[in-house]
J.: 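Sharing a structure with you now.
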Amino acid sequence: MLEAAEQSAIQVIDKNCNNTIINIHHGDSILPQGQSSSVAAASSSAGSEQSSHTFKLANFEPFRILNNNASHKTVTLLGYFCDLSRDSYAIVVLEKTAFAEHLLRNSSLTTTANFDDKLEKSESELRTSSQEQSFFSSKSVLRTEFLNDIYGNFLCVTDPEINQLKVTIIYPATEKHIVKFETQTKHLVEETAEDYRTVTLPHLEEEQFSLEWIYNILEHRKEKERILFEDPSDETGFIILPDLKWDGKTVEQLYLIALVRKRNIKSLRDLTAAHLPLLNNIKELGTRAIAERYAIGADQLRIYIHYQPAFYHLHVHFTFLQHDPPGITTERSHLLSTVIENLKLMPDYYQKVTLPCTLKATDKLYEKFTARAAKTEEPLIKKPKLE
Ligand code: M7G
């Protein structure tokens, strides 16, 4: 997939892409020459200097829809940035954002006190020029689809500033990223403690997603300005910041992630009672920071750990209870409060328990589970016992 990037120095002229010239050097990041900024994003799957590109969606050539989720209003596309490289895949996720309540006020109208209270909360965080913006303004134009008695259907063209898409770009994307984002048949696997030791752990030692983006955050190299709260303690410390899946503004879709400072806790499986101070600290200080910044109380938060996670460096998800983001299903999420209670009852609970997890059909870990099951399984038709 990356053969061209491995050549020592190539110059590419791509007619479909405004004759953009790209110099690709062995081991270098792939940067377009002399481009003006449009969508700037960071991608550091390869870590190091390959950390900042300027992306233009006009240069994106999608060739496969990996996922089109009508409920979440997201579409995930696989393609190339033809001004960057045709030898590196890019994944682009487009997401229609939720309605922010502070954009639902018509300045000439007021409604109930409750509604105004909610508006105040959002606005206190978003005191900007957006205060003048609203869906109920002269910039919103209704186009009538049909009228029938007291019923009417319309399409509305509105102020582009309040009708933005959240865009996530992963570049260069690996095969593993494609598997992660692609809609595929999932299988539920009951992972015993022994399965973890003999199948999962060796697999993780062989391959897993790079954790470079996490170390970049912990060492303040990236997303520093997005940090909501940091506890620098070696034992119980963590950083909490907006998740990649959140625009950081639309409180209705609040999604933050707490990354622990300690680097030797891969997942739920490594947690013991010795980690209770760390987990309690994340729960207490994380919820406090969210309450102070976003005016959302602890009883409005869903705080959980994934198993299996995509990234094996312990992290805790904080999402708004009224928002249903991907990954909150029972087969994947373990509420932090339940984890804490389990560890109080049995210090090595997660080293003993069978944990269910869902794996995609083409996930190499799933292949290893099925290969092992095939080896150990009794034949489907048993031979009759001779008396
Ligand atoms: P996970 O449980 O390992 O797997 O969560 P998931 O991605 O299937 O949920 C990792 C979390 O980290 C996810 O919620 C991601 O959206 C988030 N995340 C991933 N990356 C690469 C980044 C990043 O670069 N910055 C931030 N802020 N969050 C990220």
Side-chain angles (χ1 to χ4, degrees), residues 40-48 50-53 66-67 69 72 74 76 90-93 95 166-174 176-184 186 200 204 208-230 238-249 253-260 265-271 282 286 290 301-320 323-336 339 355 357-360 363 365:
S43 164
S44 61
S45 59
S48 67
Q50 205 167 24
S51 60
S52 178
H53 301 291
L66 295 179
N67 190 335
N69 189 319
H72 288 127
T74 61
T76 307
I91 291 176
V92 172
V93 186
E95 179 181 357
K166 179 178 180 294
V167 181
T168 302
I169 298 175
I170 299 171
Y171 176 85
T174 63
K176 209 166 158 56
H177 286 109
I178 298 170
V179 172
K180 175 167 158 56
F181 283 93
E182 193 163 32
T183 312
Q184 274 185 26
K186 285 184 191 166
T200 309
L204 295 183
Q208 58 170 291
F209 278 125
S210 161
L211 302 178
E212 198 56 28
W213 68 271
I214 296 178
Y215 303 147
N216 281 342
I217 293 171
L218 292 176
E219 287 166 25
H220 295 171
R221 288 194 295 264
K222 296 280 175 185
E223 303 190 52
K224 192 177 171 198
E225 59 299 333
R226 283 161 45 85
I227 293 176
L228 172 66
F229 175 79
E230 175 167 11
F238 68 98
I239 282 180
I240 185 163
L241 79 169
D243 190 277
L244 183 71
K245 296 192 198 92
W246 189 36
D247 65 7
K249 291 182 216 126
Q253 289 179 303
L254 180 132
Y255 195 147
L256 292 107
I257 188 130
L259 306 169
V260 304
I265 315 172
K266 282 187 281 305
S267 72
L268 199 56
R269 276 283 184 209
D270 287 338
L271 290 176
I282 292 176
I290 289 174
L301 291 173
R302 184 191 294 111
I303 310 171
Y304 55 98
I305 297 174
H306 277 156
Y307 197 79
Q308 304 274 344
F311 301 96
Y312 289 84
H313 173 111
L314 188 75
H315 53 271
V316 179
H317 302 250
F318 287 71
T319 60
F320 189 30
H323 173 45
D324 293 342
I328 57 164
T329 47
T330 50
E331 67 272 19
R332 189 144 192 246
S333 296
H334 298 254
L335 282 181
L336 182 60
V339 173
L355 288 173
C357 56
T358 50
L359 297 173
K360 288 187 175 168
D363 188 323
L365 182 57

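Only a predicted model underlies this, so the values are computations on that prediction, with no experimental measurement involved. Only this structure's heavy atoms are used, side chains among them; waters, hydrogens and symmetry mates stay out. Each ligand, and each atom within it, is numbered from 1 in the order the structure gives.
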J.: Counting heavy atoms only, which of Lys180, His306, Glu223 comes nearest to atom 8 (O) of ligand 1?
T.: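 Result: the heavy atom closest to atom 8 (O) of ligand 1 is in Lys180.
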
J.: With distance as the sole test, does Ser333 use its side chain to make a donor-acceptor pair with the main-chain N or O of Ile305 at under 3.5 Å?
T.: no

J.: Tell me the protein heavy atom at minimum distance from atom 28 (N) of ligand 1, and give that distance in Å.
T.: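 Result for atom 28 (N) of ligand 1: Leu244 N, 3.1 Å.
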
J.: Walk me through it: do Thr329 and Thr358 pass the test side chain to side chain contact (heavy atoms under 4.5 Å, CB included)?
T.: CA-CA 10 Å; Thr329 47; Thr358 50; over 6 Å; no

J.: Tell me: protein heavy atom nearest atom 23 (C) of ligand 1, and distance?
T.: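 Going atom by atom, the protein heavy atom closest to atom 23 (C) of ligand 1 ends up being Trp213 CE3, 3.2 Å.
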
J.: Of all the atoms in ligand 1, which lie at a distance below 4.0 Å from a heavy atom belonging to Arg226?
T.: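 Those of ligand 1 that fall under 4.0 Å from Arg226 are 27 (N).
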
J.: Identify, for atom 1 (P) of ligand 1, the protein heavy atom at the shortest distance, and state residue, atom and that distance.
T.: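 Of the protein heavy atoms, His315 NE2, 3.2 Å lies nearest.
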
J.: Rounded at 0.5 Å granularity, tell me how far CD1 in Ile240 sits from CD1 in Ile290.
T.: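 If I round to the nearest 0.5 Å, the distance is 4.0 Å.
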
J.: Counting each atom of ligand 1 from 1 as listed, which ones have a heavy atom of Ile257 under 4.0 Å away?
T.: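 Under 4.0 Å from Ile257, ligand 1 has these atoms: 11 (C), 12 (O).
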
J.: Ignoring hydrogens and geometry, is there a side-chain-to-backbone donor-acceptor pair from His306 to Leu268 under 3.5 Å?
T.: no

J.: Specify side chain, backbone, both or neither for Arg332, according to which of its non-hydrogen atoms lie closer than 4.0 Å to ligand 1.
T.: side chain

J.: Of the backbone atoms (N, CA, C, O) and the side-chain heavy atoms from C-beta on, which set of Pro242 has a member under 4.0 Å from an atom of ligand 1: side chain, backbone, both, or neither?
T.: backbone

J.: Please report which non-hydrogen protein atom sits nearest to atom 17 (C) of ligand 1, along with the residue it belongs to and the distance in Å to one decimal place.
T.: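 Answer, as residue, atom name and distance: Asp243 OD2, 3.2 Å.
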
J.: So how far is it from Thr200 OG1 to Leu359 CG, rounded to the nearest 0.5 Å?
T.: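 It is 8.0 Å, given to the nearest 0.5 Å.
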
J.: Is the shortest distance from a Lys or Arg side-chain nitrogen in Lys224 or Glu230 to a carboxylate oxygen in the other one below 4.0 Å?
T.: no

J.: Could you measure the distance from the NE2 atom of His317 to the CD1 atom of Ile328? Nearest 0.5 Å is fine.
T.: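 Output value for this atom pair is 12.0 Å.
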
J.: Could you go through the salt bridge (charged side-chain N to carboxylate O under 4.0 Å, His left out) check for Asp324 and Arg302 one step at a time?
T.: CA-CA 10 Å; Asp324 293 342; Arg302 184 191 294 111; 3.4 Å; yes

J.: Hey, is ligand 1 close enough to Phe311 that some N/O pair sits below 3.5 Å?
T.: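 Yes; at least one N/O pair falls below 3.5 Å.
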
J.: Within less than 4.0 angstrom of ligand 1, does His317 place any heavy atom?
T.: yes

J.: Enumerate the atoms of ligand 1 whose separation from the nearest heavy atom of Pro309 is less than 4.0 angstrom.
T.: 2 (O), 3 (O)

J.: Indicate, with yes or no, if the rings of Phe238 and His315 have centres closer together than 6.0 Å.
T.: no

J.: Yes or no: does Tyr255 have any heavy atom under 4.0 Å from an atom of ligand 1?
T.: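 Yes.
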
